[in-house]
Amino acid sequence: MLKGLGGARYCMNTPAALISAGVGAAFFAAASVFYYQPSFIRPDYALDAILTTNNSKARAAVTRLLLNPSSAQFDGLRSVQVDNRKYVCGSVNAKDKSGAYTGHRAFVYTVAIDFARIDDDGEIAQRHDAYKACPVSEEEEKLAQQKIGISPSALQAIKLVQKTLPTADPSVLTDMASQLSPAGSGPAGTTEQQLGRLAGQPGSGGQQSGNQTFKTTPGPEADWRSDKPPTVWPVFPPDHVLAKPAQKRTNAEALVLAKSVEDLWVKSKAGTSSQRPSLDELREALRALMAIDAKSAEFPQAWAAFVRLRMIEREASA
């Protein structure tokens, strides 16, 4: 009797098994054709979310600054790590107060403090701290050095200018670097001589130009002329801003710093750069020039740059 019941149960389960198998096969076929998997369990989406967390934070920080946040269009985002600090650099295009797009503007986002700066001169963003160019990683620096073909000592001089003049337009520094000959190229001379020529110093050996007339003392500033250097620097009162001691530099480095400040001012006046040197940066360049010995061969060029920068300083102060 038990055998009979077991046989009957087996016969009754056979149709159910066949139906289950058929339904399973149908679902398998449908899944093969219409495959769907929620995005939140896709491994590639999860990995992308991990890798782009800082990019998302950067977009959010930049968007918060915009006058028209919903119009933000981002491009060229990249992560940079310098001195154990992480940054996200890129550009954003957004609408200004009139509702028109102004074109992509560079931005830098500092991950540690969740803070962004946009190079927009107040056109598309609210008032915020002054923009500073994206830091350059060691890998990018090495590639740039290989591409330009300059010596490490020349690169160090450019970095000194960038450190002293943090708001310098990168194009100014690039122009300066491109004018330096590759290390060991021979005829170009030493790095010191190249930097001197780059700053406008006459002659590769620093020989004094014969068409310059020296005066014994500077006299009233209204009578100062760049082509007629005195034999000594002017003396300022102890409480004057230019009487403060200057950072130690070589003569060539001081001339390069002065030229970079002057070039940045000229570009800002011409409208080709959105940045201009601050009064502090102008005065630091003036102090650097005054540290050059008046008896040195570089003094005539230093004096000419000094006179021009004093005129710029007065215009900037006004």
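Because the structure is predicted, anything quoted here is derived from the model rather than measured.
With contacts defined as side-chain heavy-atom distances shorter than 4.5 Å, the pair L77/C89 does not qualify. Taking the side chain as every heavy atom from C-beta outward, K244 and D239 never approach each other to under 4.5 Å. No side-chain heavy atom of D293 sits under 4.5 Å from any side-chain heavy atom of N251. The shortest side-chain heavy-atom distance between C134 and R78 falls under the 4.5 Å cut-off. Residues L242 and L286 meet the side-chain proximity criterion, which asks for heavy atoms closer than 4.5 Å. In this structure, S56 and T53 have side chains that are not in contact, with every pair of non-hydrogen atoms separated by 4.5 Å or more. T63 places none of its side-chain heavy atoms less than 4.5 Å from the side chain of V92. Between V88 and V80, every side-chain heavy-atom pair lies at or beyond the 4.5 Å cut-off.
With values rounded to the nearest 0.5 angstrom, I124 atom CD1 is found 8.0 Å from L67 atom CG. Taking NE2 from H128 and CZ from R117, the interatomic distance works out to 8.0 Å, rounded to the nearest 0.5 Å. With rounding to the nearest 0.5 angstrom, the OG atom of S226 is 11.5 Å from the CG atom of L309. The OH atom of Y109 sits 11.0 Å away from atom OG of S79, with the distance rounded to the nearest 0.5 Å. To the nearest 0.5 angstrom, R314 atom CZ is 12.0 Å from L282 atom CG. The CD atom of E281 sits 9.0 Å away from atom CG of L257, with the distance rounded to the nearest 0.5 Å.
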> Which is it for K269 and E315 under the salt bridge (charged side-chain N to carboxylate O under 4.0 Å, His left out) test, yes or no, and what are the steps along the way?
Replying inline: CA-CA 11 Å; K269 293 287 288 184; E315 185 177 351; 2.6 Å; yes
>> Using salt bridge (charged side-chain N to carboxylate O under 4.0 Å, His left out), reason through D75 and R105 one step at a time and then give a plain yes or no.
In response: CA-CA 10 Å; D75 187 36; R105 303 303 180 91; over 6 Å; no
>> Set out, in order, the CA-CA distance, both residues' side-chain angles and the distance that settles salt bridge (charged side-chain N to carboxylate O under 4.0 Å, His left out) for R249 and E284, then state yes or no.
In response: CA-CA 12 Å; R249 299 179 177 85; E284 177 63 23; 3.1 Å; yes
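Of all non-hydrogen atoms in A116 and L65, the two that sit nearest each other are O-CD1, 3.4 Å. Of all non-hydrogen atoms in D120 and A125, the two that sit nearest each other are OD2-N, 2.9 Å. Here the shortest heavy-atom pairing between A288 and A254 reads O-CB, 3.5 Å.
Put simply, L279 and V261 are part of the same group of oily side chains (I, L, V, M, F, W, Y) that touch within less than 4.5 Å, one to the next. Both V241 and W265 sit in one connected hydrophobic cluster of ILVMFWY residues. Membership requires side-chain heavy atoms under 4.5 Å apart, directly or through other members. Using a 4.5 Å cut-off between side-chain heavy atoms of Ile, Leu, Val, Met, Phe, Trp and Tyr, with links allowed through other members, V266 and V256 fall into different hydrophobic clusters.
Between the side chains of Y87 and N54, no donor-acceptor pair of N or O atoms lies under 3.5 Å. Side-chain contact annotation: D96 with S98, donor-acceptor N/O pair under 3.5 Å present.
Distance alone, capped at 3.5 Å, places no donor-acceptor pair between the T110 side chain and the I113 backbone. S71 contributes no side-chain N or O that, together with a main-chain N or O of A94, makes up a donor-acceptor pair within less than 3.5 Å. Judged purely by atom type and a 3.5 angstrom limit, W303 has no side-chain atom pairing as donor or acceptor with the backbone of D227. A distance-only check finds no donor-acceptor pair linking the side chain of Q301 to the backbone of E298 [under 3.5 Å].
Electrostatic pairing of K97 and E123 does not count as a salt bridge here, judged by no charged N lying under 4.0 Å from a carboxylate O. A salt bridge links D263 to K259: at least one charged side-chain nitrogen sits closer than 4.0 Å to a carboxylate oxygen.
When the salt bridge (charged side-chain N to carboxylate O under 4.0 Å, His left out) test is applied to R85, no partner is found at least two apart in sequence or on another chain. For N93, the side-chain contact (heavy atoms from CB on, under 4.5 Å) partners are Q73, Y101, T102, H104, not counting sequence neighbours. Residues that satisfy the salt bridge (charged side-chain N to carboxylate O under 4.0 Å, His left out) test with R59, not counting sequence neighbours, are absent from this structure.
Ring geometry for W233 versus F306: interplanar angle over 60°, hence perpendicular rather than tilted (30 to 60°). Note: F74 and F107 have perpendicular aromatic rings, judged against thresholds of 30 and 60 degrees for the angle between ring planes.
Put simply, the residue from R308, R283, R287 that forms a salt bridge (charged side-chain N to carboxylate O under 4.0 Å, His left out) with E313 is R283.
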